[in-house]
Protein chains: 2
Amino acid sequence: MLQYQEPLDLAFQALSDPTRRRMVERLSRGPASVSELAEPLPMSMSAVVQHLKILEAAGVVRSEKVGRVRTCRVEPAALSAAERWINERRRSVERSLDRLAVFLDETKPEEEKTK
Amino acid sequence: MLQYQEPLDLAFQALSDPTRRRMVERLSRGPASVSELAEPLPMSMSAVVQHLKILEAAGVVRSEKVGRVRTCRVEPAALSAAERWINERRRSVERSLDRLAVFLDETKPEEEKTK
DNA sequence: CTGATACTGAAGCATTCACTTAAGTATCAA
DNA sequence: TTGATACTTAAGTGAATGCTTCAGTATCAG
């Protein structure tokens with residue numbers, strides 16, 4: 001279908017793969033080359049580069065090449081966006097649950113209040 | 001390959017689909033039936049149920065059936081886990097960047113310090 | 001009992017995904 | 001210049017994903 005993907009879609013999709021999260025984990029401890037990223041992973045470097053492209057397209061990782069070495073680092077802003085999305089939903093749910101608790105408490109027979 | 005998926009994998013995968021995030025968004029505003037969930041979505045109810053199963057398997061949504069109506073709600077705990085993962089990586093990156101900034105500042109010629 | 005409602009499950013299908021291998025292209029070191 | 005290093009790209013493959021349709025089942029309302 002080939003349609004436009006908004007940033008949040010790309011970020012969540014990028015993070016949905018365990019290998020890519022391992023790469024982000026590694027990069028969150030500091031910049032690394034593609035080889036360094038690939039070293040602990042049980043797959044070809046080619047596959048790692050493909051994952052890297054997805055992370056970059058999502059804005060989660062940024063990289064620059066100097067000589068023959070490409071150095072990668074995490075871009076915190078893209079992570080923030082995903083984090084915020086989850087946080088907002090979670091807080092919304094928790095607020096609902098609080099209101100429910102208050103409601104249940106207020107509807108309780110008087111003598112049972114303030115457990 | 002069919003291998004064990006740990007909770008975080010399932011949660012991130014569940015959230016990687018835009019339709020499922022819309023469902024979570026809707027449910028974060030309060031519980032809903034399957035029909036209510038399906039109503040704004042441009043697909044069959046069958047498809048919605050399939051998405052629902054993925055969200056439930058990931059622990060993001062919980063549901064119970066009373067009579068012929070299944071009522072769904074968000075389980076905040078699973079959201080927390082994903083949120084925490086992102087938060088920890090992001091903070092790690094930001095700490096690294098801070099240390100870098102301090103380093104660069106300390107290595108700067110004296111007269112340029114404290115911009 | 002009868003029809004409408006609210007799902008539920010199975011099968012099929014096109015597309016996307018996560019790889020692989022193989023054949024590149026730069027860059028660096030000696 | 002020659003070889004090794006560090007990617008890079010293209011093509012192919014099998015499995016997973018996101019749907020569809022169709023044929024159920026269970027519940028409720030009259």
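Within every chain, numbering begins at 1; the chains are lettered A, B, ... in the order of the sequence lines, protein sequences first and strands thereafter.
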Visitor: Quick one: is D:dC19 close enough that its OP1 or OP2 comes under 4.0 Å of any side-chain N or O from B:H51?
Guide: yes

Visitor: To the side chain of B:R70, which of C:dT8, C:dT20, D:dT9 is closest?
Guide: C:dT8

Visitor: Quick check on C:dA4: is either OP1 or OP2 less than 4.0 Å from any side-chain nitrogen or oxygen of B:R68?
Guide: no

Visitor: OP1, OP2 of C:dG9 versus side-chain N and O of B:K53: anything below 4.0 Å?
Guide: yes

Visitor: Test B:E94 against B:R90 for salt bridge (charged side-chain N to carboxylate O under 4.0 Å, His left out), laying out the working first.
Guide: CA-CA 6 Å; B:E94 284 171 352; B:R90 185 180 56 77; 2.9 Å; yes

Visitor: Give me the one residue out of B:E56, B:R22, B:R20 that meets side chain to side chain donor-acceptor pair (under 3.5 Å) with B:H51.
Guide: B:R20

Visitor: With DNA chain C as reference, determine whether A:Q13 or A:V66 sits nearer its 5' end, using the nearest nucleotide of each.
Guide: A:Q13

Visitor: Nearest of C:dT8, D:dC19, C:dA18 to any side-chain atom of A:D17?
Guide: C:dA18

Visitor: Ignoring the backbone of A:Q50, work out which of D:dA6, D:dA10, C:dT8 is nearest its side chain.
Guide: D:dA10

Visitor: Bend across the helix from C:dC1-D:dG30 to C:dA30-D:dT1, to 10°, with axes taken over 5 pairs at each end?
Guide: 30°

Visitor: Closest approach to the side chain of A:S44, judged atom by atom: which nucleotide of C:dT20, D:dT20, C:dT8 is it?
Guide: C:dT20

Visitor: Within the structure, does a side-chain N or O atom of A:S33 lie under 4.0 Å from either OP1 or OP2 of D:dC7?
Guide: yes

Visitor: Is any NZ, NE, NH1 or NH2 atom of the basic residue among A:R89 and B:E25 found under 4.0 Å from an Asp or Glu carboxylate oxygen of the other?
Guide: yes

